[in-house]
Amino acid sequence: MIPLFYYLALSAIIFSIGLFGFMTQRSGIRMLMCVELMLNAANINLVAFSSYNADLTGQVFALYSISLAAAEAAIGFAILMSIYRVRDMIDLDKINVLRW
Amino acid sequence: MADLTLLTPELTLVGTGLVVLLIGLFLNTNAKKILGYLASLGVLASLVLVIMSLGREGMLFNDTLSFDALSQFFKIIFLSVALLVSIASIKYTEGNSHTEEFYSLMIFATAGMMFVASANDLMVLFVAFELASLATYALAGFEKKNPISLEASMKYFMIGSLSAALMLFGISFIYGATGTTSIPGVAANIDLLLGSPMGLLSVVLMIAGLGFKIALVPFHMWAPDTYQGSPSVVSSLLAAGSKKMGFVAAFKVFMIALIALQAEWTTAFAVLAVITMTLGNVVALSQTSVKRMLAYSSVAQAGYITMAFVVMSKTALAGAILYALSHGFMKAGAFIATGAVVYMVLSEKKDSETPDDIDNFRGLGRRMPVTALCMTIFLFALAGIPLTAGYMSKFVLFASTIEAGMVWLAVIAILNSAISLFYYARVVKYMYFLPSDGEKISEPKPYTFAMIIAAIFVLAIGFWSEPFLYWAMEAAKVLI
Amino acid sequence: MAIPILSLIVLIPLLFAVLTLLTKTKEQARVFALFSSVVVLALSMFTYFNFDSTTSQMQFQEFAQWVPSLGINYQLGIDGISMPLVLLNAIVIPLLILFTWNDDKKQPNRFYALILATQGAVIGVFLALDFFLFYVFWELTLVPLFFMVSIWGGPGKHKASIKFFIYTHVGSLVMLLGIFGLYFAAWKQTGTPNMGIEHLLSQFQFIASGVSRDLIFVALLFGFLVKIPAFPFHSWLPDAYVEAPTAGSVLFVLLKIGGYGLFRVILPILPFTPSMNLMIAIMAALGAVSILYGAFLALAQKDLKRMVAYSSVSHMGYVTLGAAGVVSLSVSGAMFQQFSHGLIMSIMFMACGVINNATGTRIINELGGLARKMPKLAVIMMLAFMASLGLPWLTGFIAEFLVLTFTYINQPTYVIIAILAIIITAAYHLWAMQRTMFGVYNEKFGALKDISASQTFSMAVIAILILYFGLNPSPVLDMMITNSEKLVSLMAVVGV
Amino acid sequence: MEIPEILFNPWIRGILGLCLMGAIFMGAMLAVWFERKLSADIQQRHGPNRVGPHGIFQLVADAIKLFTKEDIIPANADKLLFVFAPIVLMGSVFLMLVAIPFGAVIINGNTYPIAATDMDISILYIEAVSAVSVIGIFMIAYSSNNKYSLLGAFRNFARMIGYEVPLGICIVSVAIMAGSLNIVDIAQAQSPLWFIIMQPLGFIVFFIALMADMGRLPFDQNESEEELIAGWITEYTGMRFGLGFFAEYIHLILGSMLVVLLFLGGWNLPAMLTSNMLLGIILPTAFFLGKVAIVILAIIMIRWAVPRFRIDQVVDLSWKRLLPLSLLNLGWVILLALLGV
Amino acid sequence: MSGIIDVSNIIYSYIPVAIILVVALLMPPVTMLLVKQLSPRSKSPVKYETYEAGSVPTGSARIQFNVEYYLYAIAFVLFDIEVLFLYPWATIFREPSITTIATIEMLIFIFVVLFGYLYLIKKEALKWQK
């Protein structure tokens with residue numbers, strides 16, 4: 001058996017990479033990818049816990065979260081596409097009509 | 001066999017959404033106006049069904065959905081807001097070839113919110129939360145040719161998906177430690193979480209994740225942009241509906257599931273509440289865009305409601321829940337009124353960059369008397385002027401803070417609400433006391449209708465608070 | 001009670017405020033406003049004549065449940081404390097409307113609507129017997145006055161209106177905190193929520209913790225002192241009074257809710273405050289300092305209206321001081337000072353308004369010899385000035401005499417301070433009088449017309465009332481004494 | 001009869017897997033030769049006929065040639081990706097192979113598949129790893145920094161995503177009938193009746209979708225020699241090209257195996273034929289491989305009989321024809337299942 | 001196949017996968033190493049140019065996607081995930097105790113998916129040339 005700690009460490013690393021990327025990247029697509037990384041880190045957690053708790057809920061949850069992530073990506077792409085059509089770029093630093 | 005009739009409001013709503021979408025596919029653009037009426041009717045039917053089911057309780061689908069006073073109260077909030085928005089949108093979507101998408105997305109978002117209100121399981125909570133979020137992302141960017149709307153939607157989407165990821169990560173730890181995702185189950189097994197470092201971690205993640213949705217201060221930066229950039233009717237749904245969804249989720253997660261960890265989170269919420277209301281109010285003072293001002297005000301109002309997490313008495317929760325209801329009507333109404341003004345400005349000047357600028361409110365009392373009057377009511381209610389819904393709920397909420405002995409918190413909240421009066425009063429001043437060069441114009445009827453309904457409820461809650469307060473108390477009993 | 005007469009007195013102005021708002025022309029608006037105020041006057045007179053001034057009990061009580069789960073009720077009543085103030089409002093408002101009858105105001109419908117709304121709210125504060133309702137009306141007074149100043153005000157209207165707003169709003173919010181504290185303490189005590197003013201006040205003594213009793217007391221006191229206003233919290237008053245239009249200033253003068261709060265709320269709970277003596281000393285000191293300080297500042301003013309405003313600060317000091325006298329006659333004197341001050345200052349501000357309109361200036365040095373051109377104004381104004389400086393046979397004298405004489409029993413030091421101020425008061429009144437009415441006429445004003453008939457009428461009626469109540473104060477003073485005896489008897493329980 | 005315990009050792013099975021891999025290699029070589037010969041026959045020419053009898057060693061010669069060709073990495077290419085891309089592609093193909101059984105032995109009612117591993121969800125696994133090949137192809141195209149390559153990869157991408165969905169739905173239909181996601185169970189479930197008979201529609205959809213998935217003509221829009229030079233693999237030369245080319249043929253074989261396993265009855269023979277232990281292993285396997293060969297033959301013949309689709313026709317076919325058809329098939333299967341078939 | 005999973009079995013069944021994966025990952029590099037030893041080498045700049053059927057290469061090859069590809073990608077992501085839900089359902093479908101309710105639930109689900117499909121068709125999102 002692989003200790004639970006390894007899974008958690010893996011997911012923590014992936015989550016951190018995603019979070020770091022989300023904070024530092026400015027391209028919409030890359031930010032989206034980073035969010036997907038974070039979601040998948042959570043999925044790893046869920047599945048790992050599920051098998052260690054001997055309970056299927058976590059896996060079912062992971063399944064749901066995968067499909068939600070897909071839907072999220074779809075909407076994200078749609079929005080990015082629309083932005084691209086209007087402004088010819090997806091650099092979020094430059095999308096700043098709104099500010100306080 | 002569980003009593004599936006409890007689910008009829010949701011089923012009606014989702015059915016309406018599908019039907020609207022389907023019919024819309026086969027209509028040409030001019031005939032799509034009927035969709036607005038259809039959607040409003042469906043939402044109304046669902047609302048009536050929820051009201052009829054008041055007092056009934058039950059569980060469905062292996063106890064993953066619970067129907068109780070709390071969920072019904074919040075469903076009423078969501079459906080009322082949806083009703084207002086769908087009525088107002090009849091004008092907004094006029095002549096738009098994507099009307100059916102607008103209405104179905106709006107309805108699905110509302111359905112998501114309703115399921116959040118009923119969720120008794122973190123899995124259902126998360127899925128429903130996302131359903132509502134996804135639909136609102138798309139709604140925020142509904143004006144596909146308008147870069148501002150798209151930007152709003154983009155920011156909302158980015159932050160929203162981040163919050164979803166944080167939340168999911170937090171839930172995964174809760175699940176890992178307690179071995180269950182059922183909300184009461186988590187509460188029952190909370191010892192397992194208490195003894196592990198995952199407890200604190202999950203609390204932090206959940207606060208951050210839900211904080212984004214509620215727009216608590218360090219997590220609020222999307223809200224002004226999004227509320228300003230989105231179409232007004234959508235901002236109305238976001239501020240009045242989606243935010244309340246965040247609150248009901250937070251109630252369920254913190255008040256029921258993680259109640260044993262309150263030592264960890266009350267302090268955090270206290271700090272967040274204070275910062276949120278102060279920053280929201282102070283920044284709102286200097287805004288020239290009315291929608292942005294309303295957005296900051298809604299950030300501030302989130303701070304008030306968050307006080308309930310600090311006080312945690314029955315009165316405080318009832319106050320917060322009542323506040324959620326009042327705020328639903330006030331904010332929805334205010335955004336719809338702004339929407340009417342924006343509509344008017346855009347119909348006069350097609351390419352206006354800032355149609356919601358406060359300058360456009362000059363002399364509105366003469367140009368659009370009904371809109372101006374309703375807007376005044378909403379703004380005064382938001383400021384907490386007596387005899388409006390806002391006052392009544394602030395009264396209960398602030399009073400409960402003192403009851404719990406947290407005078408400092410009440411003082412801060414009260415001072416904040418004093419500050420808030422200025423920026424609200426400024427809009428009123430512009431509407432009634434500054435001259436304008438425009439002529440009197442006929443007001444868009446659907447907007448007016450929605451506003452009047454909202455105004456009636458704002459006043460009704462202020463004048464005749466007893467039944468609303470009673471319901472809020474009942475709902476609060478579910479939590480404590 | 002068949003007819004809810006008090007409700008009518010409160011609601012008619014509010015209702016007519018809305019109706020007036022809907023009118024289109026100035027003619028309609030002023031007729032609506034006049035009608036409403038006359039009805040209110042009639043109802044108040046009716047109440048007055050059916051009022052039993054020998055008892056300190058609440059009369060004409062009305063009661064309806066409102067929010068039972070919080071113990072909030074719709075509860076109105078009237079007694080000797082509130083009756084004179086209601087009367088004052090009911091009398092002055094129709095006269096004020098007559099006074100502005102021919103004014104060329106922009107947006108007359110809103111103007112008159114705000115007057116009526118203020119009237120309704122202020123009377124509502126006087127009549128409310130439920131703290132919730134009390135606070136509702138208390139806050140409601142703020143809104144119309146804020147707009148009054150910020151729309152029709154003078155050059156500094158924005159700053160003035162905001163200053164007024166911040167000061168009094170903060171004051172009332174602190175008061176709200178006090179109310180909350182009292183409410184919950186009483187709730188814990190009795191087990192049932194109840195917002196009734198009398199109920200809460202009677203429960204005050206049972207609050208276990210002395211510190212929280214002090215805190216509640218201070219919070220409430222602060223709210224009222226800001227509204228009165230007493231010395232350190234007064235700085236909103238001159239700005240607001242001066243920048244407000246004439247009608248607005250008069251409305252401010254009628255805004256006697258701060259002083260009313262002292263009698264209604266503060267005095268009944270004063271004996272049960274642990275640091276009672278300190279509180280009395282504070283009130284007396286603030287009162288005395290207000291008198292002196294207001295007088296000094298009035299002396300230094302060049303602007304006639306600003307001078308009147310500071311004199312108002314000075315006069316309101318008597319209210320605070322009298323309340324701190326804790327003797328039945330000093331307290332009644334303070335109550336009477338409120339009544340008298342309302343009448344006198346109404347004339348003063350009307351006169352300031354007239355002068356400003358006629359000459360375009362209010363600088364005392366630029367005026368002079370107006371009596372020659374405006375004899376009617378001069379006569380009425382002189383009467384008011386005399387009343388204001390405390391000439392015997394006029395209302396001001398009675399109030400100040402009662403306050404100073406009977407406060408001396410308990411607070412000799414502060415009374416002496418206040419007496420010093422009398423000389424200054426006399427000085428600036430006479431000085432201003434002489435400079436404006438007499439002396440050399442400033443020819444640049446050309447030929448001035450005297451005040452119009454409606455203005456004369458309204459000012460004259462008030463002047464006559466000043467004279468009448470100065471000669472025969474008992475119609476209002478009796479009921480005040482009855483009530484203050486009751487208030488003071490409470491203190492006797494504790495042994496003051 | 002007992003099975004030696006050692007055969008269940010995963011490491012031993014891994015080695016078995018390597019053997020199967022070798023077999024597939026040989027099969028792929030055969031397939032290349034087979035295709036050349038067959039196409040030549042169809043076009044009435046000789047095809048390879050110099051190296052060995054009927055040119056059967058032609059591929060060995062080709063391999064030697066490829067090994068000795070210069071390895072060129074274009075100057076504009078993304079070097080790292082360029083080198084790694086074929087690994088991804090090969091990995092995807094080989095990983096598919098792990099889960100595919102070549103036959104099964106039934107002893108005492110237990111089924112022991114001849115495969116590297118026996119997982120519960122093998123069909124899902126196969127679908128998952130086969131999807132990775134899209135990434136490999138895209139990496140190859142992107143790293144070459146060549147417009148033709150990129151165009152080919154785009155088309156490949158559009159085609160793959162179009163056919164993945166009907167493919168998945170057909171697999172679900174099969175899984176419902178078998179009540180399992182284990183490919184061995186699925187093959188066993190066809191013991192009396194092949195699934196092609198129960199759901200002919202499903203077979204057709206699956207077959208077409210699979211052909212598209214493998215990039216066989218008429219679905220080789222990623223290559224389109226006539227328009228895009230060699231499409232995605234234009235910049236790959238020598239053995240690098242050989243690897244990609246080879247992966248395609250392995251994919252072809254594995255795909256054909258899938259068709260046989262899912263619809264054409266797998267290795268199942270009447271029980272009496274397999275009563276003998278040795279026969280029980282060899283006969284079904286031979287039967288299975290024979291069917292695979294026929295499927296490959298069919299696929300190759302289709303290649304030379306049908307012209308290539310345009311890309312818009314390809315996506316139209318998948319989204320507007322195959323997807324509804326596959327759903328229809330799913331409904332049919334549900335109906336059958338409810339009727340108790 | 002349902003119920004609690006025995007993790008150790010799963011790990012055993014993936015050991016062969018790991019072995020083959022290692023081989024598959026090693027094979028191309030080893031092959032290329034071999035090629036390096038065997039193949040000749042002669043440098044010439046033209047050889048390393050991008051090949052565009054003989055003409056001189058122009059412009060960057062990193063061209064933008066045609067936007068249609070994204071639409072298909074979005075549709076694919078959604079539908080593929082929907083299919084994902086069918087798998088677990090398919091395996092338990094035959095268990096008699098839940099067949100009816102599982103069928104009804106899945107039919108509702110498929111109905112909703114179909115609805116989305118109809119929507120896509122009607123909105124002409126699946127048309128290559130617009």
Side-chain angles (χ1 to χ4, degrees), chain B residues 313 315 318-319 322 363 365-366 369 373 376 380 383-388 391-392 394-405 407-408 410-422 424-426 428-429 432-435 461-474, chain C residues 14 18 21-22 65-70 72 74 106-107 110 114 121 124 132-143 146-148 150-152 157-158 161-162 165-185 187-188 193 195 209 212 215-216 219:
Chain B
S313 66
T315 336
L322 186 65
R366 204 168 43 78
L373 181 68
T376 311
F380 278 166
I385 296 284
L387 294 185
T388 57
Y391 177 68
M392 199 58 220
K394 263 187 194 165
F395 181 86
V396 180
L397 190 57
F398 292 2
S400 72
T401 320
I402 294 190
E403 185 190 14
V407 182
W408 61 274
V411 170
I412 294 172
I414 284 182
L415 287 181
N416 262 298
S417 88
I419 298 176
S420 71
L421 201 44
F422 288 105
Y424 295 126
R426 192 172 53 148
V428 177
K429 194 177 84 184
Y432 282 102
F433 303 116
L434 291 186
I461 298 172
F463 272 106
W464 189 46
S465 332
E466 183 56 23
F468 300 100
L469 196 59
Y470 172 78
W471 289 339
M473 288 278 188
E474 289 294 305
Chain C
L14 293 177
V18 175
L21 202 60
L22 298 177
Q65 281 207 333
W66 191 2
V67 189
S69 52
L70 292 178
I72 296 170
Y74 178 79
K106 55 182 179 183
Q107 299 169 321
R110 296 199 176 122
L114 290 183
F132 187 86
L133 198 61
F134 177 83
Y135 187 76
V136 165
F137 284 124
W138 179 281
E139 283 288 79
L140 210 55
T141 58
L142 212 59
V143 181
F146 172 74
F147 285 124
M148 188 67 114
S150 66
I151 301 159
W152 292 279
K157 58 187 178 182
H158 290 297
S161 61
I162 285 188
F165 204 100
I166 295 181
Y167 263 86
T168 57
H169 196 54
V170 167
S172 55
L173 288 174
V174 172
M175 182 185 86
L176 183 66
L177 283 175
I179 296 177
F180 280 154
L182 191 52
Y183 171 61
F184 283 110
W187 189 344
K188 280 214 184 81
M195 265 283 181
S209 154
S212 51
L215 280 177
I216 292 169

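No hydrogens, no waters, no symmetry mates; every other heavy atom, side chains included, goes into these values. Computed from a predicted model, the values in this text were never measured in an experiment. Quick note on labels: first sequence line is chain A, next is B, and so on, each numbered from 1.
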Could you list the residues that satisfy ring pair (Phe, Tyr, Trp, His ring centres under 6.0 Å) with C/Trp187, not counting sequence neighbours?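 Result, ring pair (Phe, Tyr, Trp, His ring centres under 6.0 Å) vs C/Trp187: C/Tyr183, C/Phe184.
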
Tell me, please, which residues at least two apart from C/Phe165 pass ring pair (Phe, Tyr, Trp, His ring centres under 6.0 Å). B/Phe422, C/Phe146, C/His169

Out of curiosity, [X] [atom1] to [Y] [atom2], how far, rounded to the nearest 0.5 Å?
{"X": "B/Tyr470", "Y": "C/Ser69", "atom1": "OH", "atom2": "OG", "value": "10.0 Å"}
{"X": "B/Ile402", "Y": "C/Phe180", "atom1": "CD1", "atom2": "CZ", "value": "6.0 Å"}
{"X": "C/Leu114", "Y": "C/Phe147", "atom1": "CG", "atom2": "CZ", "value": "8.0 Å"}
{"X": "C/Ser150", "Y": "C/Ile162", "atom1": "OG", "atom2": "CD1", "value": "8.5 Å"}

Measure distances from [X] to the heavy atoms of chain B and classify the residue's part below 4.5 Å as side chain, backbone, both or neither.
{"X": "C/Leu176", "value": "side chain"}
{"X": "C/Val143", "value": "side chain"}
{"X": "C/Leu142", "value": "neither"}
{"X": "C/Ile151", "value": "side chain"}

Kindly say whether the aromatic ring centers of C/Trp66 and C/Phe132 come within a distance under 6.0 Å.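 Between C/Trp66 and C/Phe132, the centre distance is under 6.0 Å.
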
Chain C: which of [options] shares the most heavy-atom pairs with it under 4.5 Å?
{"options": "B/Met473, B/Glu403, B/Lys429, B/Met392", "result": "B/Glu403"}
{"options": "B/Tyr391, B/Phe380, B/Phe398", "result": "B/Tyr391"}
{"options": "B/Val428, B/Val407, B/Leu421, B/Thr401", "result": "B/Leu421"}
{"options": "B/Val411, B/Ile419, B/Leu415", "result": "B/Val411"}

Applying a strict 4.5 Å limit to non-hydrogen atoms, the region of B/Ile385 in contact with chain C is side chain

